[in-house]
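Computed from heavy atoms alone, side chains included, the values below leave out hydrogens, waters and symmetry copies. Owing to the predicted nature of the structure, the values given are computational and were not obtained by experimental measurement.
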Amino acid sequence: MSTAILMCVLFFAKVVDNALSTTKTILVQRNHSILAGIALAASNFIYLCITKNVVNSDSCLALIVVSLASGVGCCMAVAISSRLSKEKTYVNVIMSDDKEKMQAFRDFLAQHHITNTATDPERLQR
């Protein structure tokens with residue numbers, strides 16, 4: 001019975017560890033350095049505790065449980081981040097035969113600080 005409880009604790013600890021590790025990476029990409037540091041510190045502490053328990057257990061089952069939990073933790077963190085993220089990138093392709101109107105539209109986007117890339121299809125065909 002104690003082995004089953006240990007495996008459950010290892011599984012949930014590794015899920016939390018990987019979730020924190022993935023969260024740290026996401027926070028670094030979003031330039032939230034303090035939160036990323038906190039997530040990294042917590043992740044490292046949990047990781048070292050897990051490693052100590054796995055080495056002491058002498059069990060292949062512990063390795064399998066921890067490995068599966070790694071994937072679950074990563075998937076969970078990415079799913080939560082995607083749900084909570086307000087930062088989305090949309091790409092719209094707008095075409096017109098009227099070159100002057102497209103240039104005016106490009107200028108409008110630039111004036112309002114909206115990133116855009118304009119391409120002249122005639123130049124692409126050459």
Rounded at 0.5 Å granularity, tell me how far CG in N56 sits from OG1 in T51. 10.5 Å
Taken in chain and number order and not counting sequence neighbours, the residues that satisfy side chain to side chain donor-acceptor pair (under 3.5 Å) with T22 are none
Hydrophobic cluster membership, I26 vs L20, 4.5 Å side-chain cutoff: no
The side chain to side chain donor-acceptor pair (under 3.5 Å) partners of N18 (sequence neighbours excluded) come to K14
Can you give me the closest heavy-atom contact between A69 and V15, atom names plus distance? O-CG2, 3.6 Å
Using links of under 4.5 Å between side-chain heavy atoms of ILVMFWY residues, direct or through other members, which residues join L27 in one cluster? L35
Holding to side chain to side chain contact (heavy atoms under 4.5 Å, CB included), I want the full list of residues that pass it with N31, two or more places apart in sequence or in another chain. none
Not counting sequence neighbours, list each pair that qualifies as a salt bridge (charged side-chain N to carboxylate O under 4.0 Å, His left out) and has a residue in residues 106-118. none
If you group Ile, Leu, Val, Met, Phe, Trp and Tyr by side-chain heavy-atom gaps below 4.5 Å, do I46 and I80 land in one group? yes
Nearest 0.5 Å, what's the CG-OG distance between L40 and S33? 12.0 Å
Minimum heavy-atom separation for A13 and I50, please, with both atom names. C-CD1, 3.6 Å
Hey, what else clusters with I94 if you join Ile, Leu, Val, Met, Phe, Trp, Tyr whenever side-chain heavy atoms sit under 4.5 Å? M102, F105, F108, L109, I114
Which heavy atom of A77 sits nearest to which heavy atom of A19, and what is that distance? CB-O, 3.6 Å
Any pair counted as side chain to side chain donor-acceptor pair (under 3.5 Å), so long as it reaches residues 60-79, sequence neighbours left out: none
Can you list every salt bridge (charged side-chain N to carboxylate O under 4.0 Å, His left out) pair that touches residues 70-79, not counting sequence neighbours? none
Nonpolar side-chain network containing L48, other nodes, edges under 4.5 Å: Y47
Does atom CG of D97 have more than 12 heavy-atom neighbours from other groups under 6.0 Å away? no
Please identify each residue that fulfils side chain to side chain contact (heavy atoms under 4.5 Å, CB included) with V65, with sequence neighbours left out. M7, F11, L61
Nearest 0.5 Å please: distance from the OG atom of S43 over to the CD1 atom of I38. 13.5 Å
Closest heavy-atom pair and its distance - A36, K24: O-CG, 3.3 Å
Set of side chain to side chain contact (heavy atoms under 4.5 Å, CB included) partners for I64, sequence neighbours left out: L68
